[in-house]
Amino acid sequence: QVQLVESGGGLVQAGGSLRLSCAASGRTFSNYAMGWFRQAPGKERELVAAINFSGGSTSYADSVKGRFTVSRDNAKNTVYLQMNSLKPEDTAVYYCGRARGFSAKLYPREYDYWGQGTQVTVSS
């Protein structure tokens, strides 16, 4: 069984920064792609960023390109999301997920494990 635990969310003013972390249990973390998704009230879960098994390939939603950076440390079984220049529309619960496979995946149905989520609130 894989467990994913997110941390680092909180309340920040527009223009500020936050760094989310997702710690994974298990020995096979480095074999799988990972992703960050977010879900705002009344909306569907959407991709924020995805990263392949090695960290050599990443994908981003257009809305966060140039502001957010996804990275991973396979020695620490952890994936990160650095969020800069935050906007009120970034407010959501952020989830990390483990993909089915080693290449970066863009859709929630392509993930088989999820964390409990961490709230990010950006005030204007």
Side-chain angles (χ1 to χ4, degrees):
Q1 186 74 9
V2 174
Q3 290 189 325
L4 303 175
V5 180
E6 302 100 335
S7 61
L11 173 64
V12 64
Q13 288 188 334
S17 298
L18 284 173
R19 188 194 196 202
L20 306 184
S21 298
C22 173
S25 65
R27 298 181 179 180
T28 60
F29 175 79
S30 60
N31 292 347
Y32 294 91
M34 299 291 293
W36 286 98
F37 287 74
R38 66 188 180 188
Q39 189 166 17
K43 295 188 176 181
E44 293 186 351
R45 191 169 296 192
E46 63 175 6
L47 174 76
V48 177
I51 187 167
N52 77 335
F53 74 107
S54 67
S57 177
T58 57
S59 295
Y60 295 93
D62 287 344
S63 59
V64 307
K65 282 180 181 177
R67 300 188 297 123
F68 291 11
T69 303
V70 61
S71 61
R72 66 189 295 162
D73 185 338
N74 285 343
K76 296 183 178 180
N77 279 18
T78 302
V79 61
Y80 304 97
L81 184 68
Q82 178 66 44
M83 305 186 294
N84 298 329
S85 302
L86 282 160
K87 304 176 180 179
E89 51 263 45
D90 294 318
T91 295
V93 177
Y94 283 69
Y95 298 90
C96 74
R98 195 192 79 168
R100 296 190 184 94
F102 56 85
S103 61
K105 310 293 187 188
L106 306 182
Y107 301 99
R109 64 177 181 267
E110 298 176 296
Y111 289 74
D112 52 6
Y113 292 98
W114 296 95
Q116 81 288 349
T118 185
Q119 177 71 46
V120 172
T121 303
V122 184
S123 63
S124 57

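We use all heavy atoms of the structure for the numbers below, so side chains are in, but hydrogens, waters and symmetry mates are not.
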Query raised in the report: Between Lys87 and Asp90, is there a salt bridge with N-O shorter than 4.0 Å?
Result: no
Report task. Indicate the atoms forming the closest heavy-atom contact of Leu106 with Ser59, along with that distance. Result -> CD2-CB, 3.8 Å
Requested in this report: Say whether, by atom type as modelled, one donor and one acceptor occur between the side chain of Tyr80 and the main chain of Asp73 under 3.5 angstrom.
Outcome: no
Report task. Heavy atoms only: give me the nearest Ser63-Arg38 pair and the separation to one decimal. Result -> OG-NH2, 3.4 Å
Report summary line: Between Ser103 and Ala33 the two heavy atoms that sit nearest each other are O-CB, 3.1 Å
Report task. Would you mind reporting whether Tyr94 and Thr118 have side-chain heavy atoms less than 4.5 Å apart? Result -> yes
**Report entry** Side chain Asn74, main chain Ser54, donor-acceptor under 3.5 Å
**Finding:** no
**Report entry** Pairwise side-chain contact, Val79 with Leu81, heavy-atom cut-off 4.5 Å (strictly under)
**Finding:** no
**Report entry** Flag side-chain contact, heavy atom, 4.5 Å: Ser21 against Lys76
**Finding:** no
Query - Thr91 side chain near Gln119 side chain, heavy-atom distance below 4.5 Å - result: yes
Query raised in the report: Same cluster or not: are Tyr107 and Phe102 linked, directly or through other Ile, Leu, Val, Met, Phe, Trp or Tyr residues, by side-chain heavy atoms under 4.5 angstrom apart?
Result: no
Query - Spacing of OG belonging to Ser124 relative to CD belonging to Glu89, to within rounding of 0.5 Å - result: 10.0 Å
Query raised in the report: Quick one: CD on Glu6 to SG on Cys22, what's the gap to the nearest 0.5 Å?
Result: 5.0 Å
Query raised in the report: Any side-chain heavy atom of Pro41 within less than 4.5 Å of one from Lys43?
Result: no
Query - Side chain proximity check, Leu47 to Glu110, heavy atoms < 4.5 angstrom - result: no
Query - Atom CD of Gln3 with >12 non-hydrogen neighbours under 6.0 angstrom - result: no
**Report entry** Same cluster (ILVMFWY, side-chain, under 4.5 Å), Val2 and Tyr111
**Finding:** no
Query raised in the report: Going hydrophobic residue to hydrophobic residue with side-chain gaps under 4.5 angstrom, can you get from Tyr60 over to Trp36?
Result: yes
Query raised in the report: Same cluster for Val70 and Val64 if Ile/Leu/Val/Met/Phe/Trp/Tyr side chains link at under 4.5 Å?
Result: yes
Report task. Show your reasoning for whether ring-ring contact (aromatic ring centres under 6.0 Å, His included) applies to Tyr113 and Tyr32. Result -> CA-CA 11 Å; Tyr113 292 98; Tyr32 294 91; 8.5 Å; no
**Report entry** Worked verdict on Asn84 versus Ser17 for side chain to side chain donor-acceptor pair (under 3.5 Å)
**Finding:** CA-CA 4 Å; Asn84 298 329; Ser17 298; 2.9 Å; yes
Requested in this report: Could you walk me through whether Phe68 and Leu86 pass side chain to side chain contact (heavy atoms under 4.5 Å, CB included), step by step?
Outcome: CA-CA 9 Å; Phe68 291 11; Leu86 282 160; 3.7 Å; yes
Query raised in the report: Going by heavy atoms in the side chains, are Val48 and Met83 under 4.5 Å from each other?
Result: no
Query raised in the report: Between atom CG of Asn52 and atom NZ of Lys105, what is the distance when rounded to the nearest 0.5 Å?
Result: 10.5 Å
Requested in this report: Mark yes or no: Arg72 above the aromatic ring of Phe29, with NZ or CZ under 6.0 Å from the six-membered ring centre and no more than 45 degrees from the axis.
Outcome: yes
Report task. If the plane angle is over 60° it's perpendicular, under 30° parallel, otherwise tilted; pick one for Tyr95 and Trp114. Result -> perpendicular
Query raised in the report: Within the side chain of Asp112, is there an N or O that forms a donor-acceptor pair under 3.5 Å with the backbone of Arg100?
Result: no
